[in-house]
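Everything on this sheet refers to the single structure shown next.
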Amino acid sequence: MDTAERAALVARHTEEVVTEDELETLLAETAEPTAYIGYAPTGEMHIGHFTTIRKLADFIDAGLDVTVLVADLHAHLDDEKSPFELLDARSEYYRLAIEGMVAAAGADPDAVSFTRGTDYQLEEPYTLQLYRLLADTTISRAQRAGSEVVRQSDNPKLGGLVYTLMQSLDVAALDADIAYGGIDQRGIYMLAREELPDHGFDKPLCVFAPLLSGLSGGKQSSSDRASGVFLTDDADTVAEKIDGAYCPAGEVADNGVLEYLQRLVFPVLAVRDDPLVVERPEEYGGDLSYDAYGELESDFVAGELHPADLKPAAAAAIDDVIAPVRERLLDHPEVLAEAYPETWG
RNA sequence: CCGCCCUUAGCUCAGACUGGUAGAGCAGUCGACUGUAGAUCGACUUGUCCCCCGUUCAAAUCGGGGAGGGCGGACCA
């Protein structure tokens with residue numbers, strides 16, 4: 001694989017790369033570039049996380065050294081989304097779920113390094129750097145950077161501000177060349193690109209994944225189980241949720257069903273070299289089979305593929321994709337019960 | 001340390017002055033209409049009224065105490 005091919009692999013299915021030129025340079029000049037993505041272990045993981053994590057397989061194939069940060073302190077700093085006492089349990093759950101998703105994406109989980117925030121964020125060098133960042137970042141700058149990530153309220157806590165600076169510093173602390181995350185993380189990593197060079201660190205490249213629409217048209221949320229498919233949802237639940245999803249015939253915008261297919265199902269099917277089969281009654285033209293998302297979208301836009309036929313096929317395919325992750329999680333009921341006692345205890 | 005304000009449905013809040021065991025909007029659920037969903041109609045559900053004590057035939061409402069949250073003041077040798 002030459003540099004251009006590797007760059008294309010890293011960049012495919014992304015929302016934005018900052019910047020493409022820097023990516024080519026990095027891949028050409030660095031022996032083993034590093035990329036990291038951080039997750040604050042808060043609510044249960046869902047299919048939106050899966051689409052973002054699935055891309056780690058591309059990173060690994062492109063020769064990147066991938067680290068996943070389980071940012072336990074962040075989970076508490078952001079308006080105490082996770083109680084302090086649950087950080088251990090939820091960190092364990094996140095690691096289990098993420099490993100499951102990496103494996104389900106066709107990559108080797110052992111190729112990913114895991115780190116927890118508390119492994120290094122309490123040590124002196126990190127703390128000292130954090131204080132220095134705190135000293136020269138304005139409140140409004142930190143607020144703006146974190147506005148898409150940190151919970152907003154009329155009476156925001158200091159934790160949400162520190163969260164933003166810590167995440168910026170994490171890029172340097174983990175020695176990552178590339179900061180990867182959903183496009184909602186853009187504000188924070190732009191702050192990192194601005195501030196880190198002033199503190200003697202390299203300016204990180206950023207790769208942003210698209211966010212999935214929720215099934216009702218809004219955003220997917222960990223705190224709303226109905227807004228999307230969760231990793232532990234069984235086949236019937238997936239079918240119910242997809243059946244209820246906003247899905248206007250012929251329209252692509254805000255269509256969660258199509259997004260699931262494009263961003264998660266087809267990439268996984270491609271690895272297995274399987275098509276997506278849509279069963280359809282004879283009166284509407286009989287079964288269909290798609291090897292690529294583009295064909296399916298064309299048919300959908302043209303009105304050749306009706307939502308009522310698409311939905312059951314999509315539900316079955318989604319269930320098939322999450323099944324191995326679900327099984328891995330349900331194999332460890334004690335992990336779920338300790339991390340989310342109110343749901344699983 | 002002092003003073004003032006707030007706490008009612010999943011969310012935002014009304015009701016408190018003039019006690020009679022609670023309402024609106026949004027959300028949600030279910031029908032109708034569409035070969036899905038949404039939109040649109042139609043129907044429906046939801047509550048330790050922050051906690052404790054007291055007054056009263058009767059307290060979300062009045063009195064006292066407490067908890068949590070917000071705002072302001074004071075101290076500044």
Side-chain angles (χ1 to χ4, degrees), chain A residues 42-44 46-48 51 76-86 139-140 143 147-148 150-162 211-230 233-266 276-290 293 295-322 340-345:
Chain A
T42 54
E44 285 185 55
H46 52 66
I47 203 168
T51 63
H76 189 64
L77 280 170
D78 185 4
D79 202 32
E80 302 179 90
K81 279 180 180 171
S82 287
F84 199 76
E85 309 73 50
L86 254 37
I139 290 175
S140 60
Q143 247 164 3
S147 64
E148 292 294 318
V150 171
R151 179 175 287 166
Q152 303 291 298
S153 81
D154 290 338
N155 301 296
K157 305 291 199 297
L158 284 174
L161 266 28
V162 174
L211 298 186
L212 289 188
S213 295
L215 291 176
S216 56
K219 279 186 181 170
Q220 191 131 223
S221 164
S222 293
S223 54
D224 179 8
R225 292 195 81 90
S227 70
V229 172
F230 280 64
D233 285 345
D234 61 26
D236 288 344
T237 304
V238 173
E240 273 175 36
K241 286 181 175 181
I242 297 301
D243 180 56
Y246 175 71
C247 185
E251 278 185 34
V252 177
D254 293 322
N255 192 320
V257 178
L258 289 182
E259 287 187 26
Y260 282 17
L261 291 170
Q262 176 184 22
R263 309 224 140 106
L264 181 64
V265 172
F266 274 99
L276 179 78
V277 175
V278 176
E279 293 182 8
R280 185 167 66 172
E282 284 304 324
E283 69 169 304
Y284 296 119
D287 295 355
L288 295 165
S289 177
Y290 297 99
Y293 172 75
E295 306 165 14
L296 182 148
E297 187 184 287
S298 299
D299 273 9
F300 189 79
V301 169
E304 299 292 322
L305 175 59
H306 193 276
D309 295 320
L310 175 63
K311 280 183 167 182
I318 290 162
D319 173 61
D320 192 51
V321 168
I322 68 168
Y340 303 99
E342 292 183 1
T343 308
W344 297 94

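So that the names make sense, note that chain A is the first sequence line, chain B the second, and so on, each numbered from 1. Keep in mind that what you see is a predicted model, and the values were worked out from it rather than measured.
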[X] side chain vs [Y] backbone, donor-acceptor pair below 3.5 Å:
| X | Y | value |
| --- | --- | --- |
| R280(A) | G286(A) | yes |
| D233(A) | F230(A) | yes |
| K157(A) | D79(A) | no |

Tell me the interatomic distance from [X], atom [atom1], to [N], atom [atom2], rounded to whole angstroms.
| X | N | atom1 | atom2 | value |
| --- | --- | --- | --- | --- |
| D254(A) | A37(B) | CG | P | 18 Å |
| K311(A) | G35(B) | NZ | P | 15 Å |
| H306(A) | G35(B) | NE2 | C1' | 5 Å |
| I242(A) | G38(B) | CD1 | P | 14 Å |
| E251(A) | U36(B) | CD | P | 15 Å |
| L215(A) | A37(B) | CG | C1' | 10 Å |
| L305(A) | G35(B) | CG | P | 17 Å |
| K241(A) | U29(B) | NZ | P | 12 Å |

From C-beta outward on N155(A), which listed nucleotide comes closest to its side chain: A37(B), G70(B), G35(B)? G70(B)
Which of the following nucleotides, G35(B), A37(B), U36(B), is nearest to the side chain of Y246(A)? A37(B)
Taking any heavy-atom pair under 4.0 Å as a contact, classify D154(A): base, sugar-phosphate, or nothing. nothing
For the P atoms, the ones on U55(B) and on G47(B), what distance do you get once it is rounded to whole angstrom? 30 Å
Could you grab the distance from atom CD of E251(A) to atom CG of L258(A), nearest 0.5 Å is fine? 10.5 Å
Which base, if any, makes a Watson-Crick or G-U wobble pair with G31(B), both distances under 3.5 Å? C41(B)
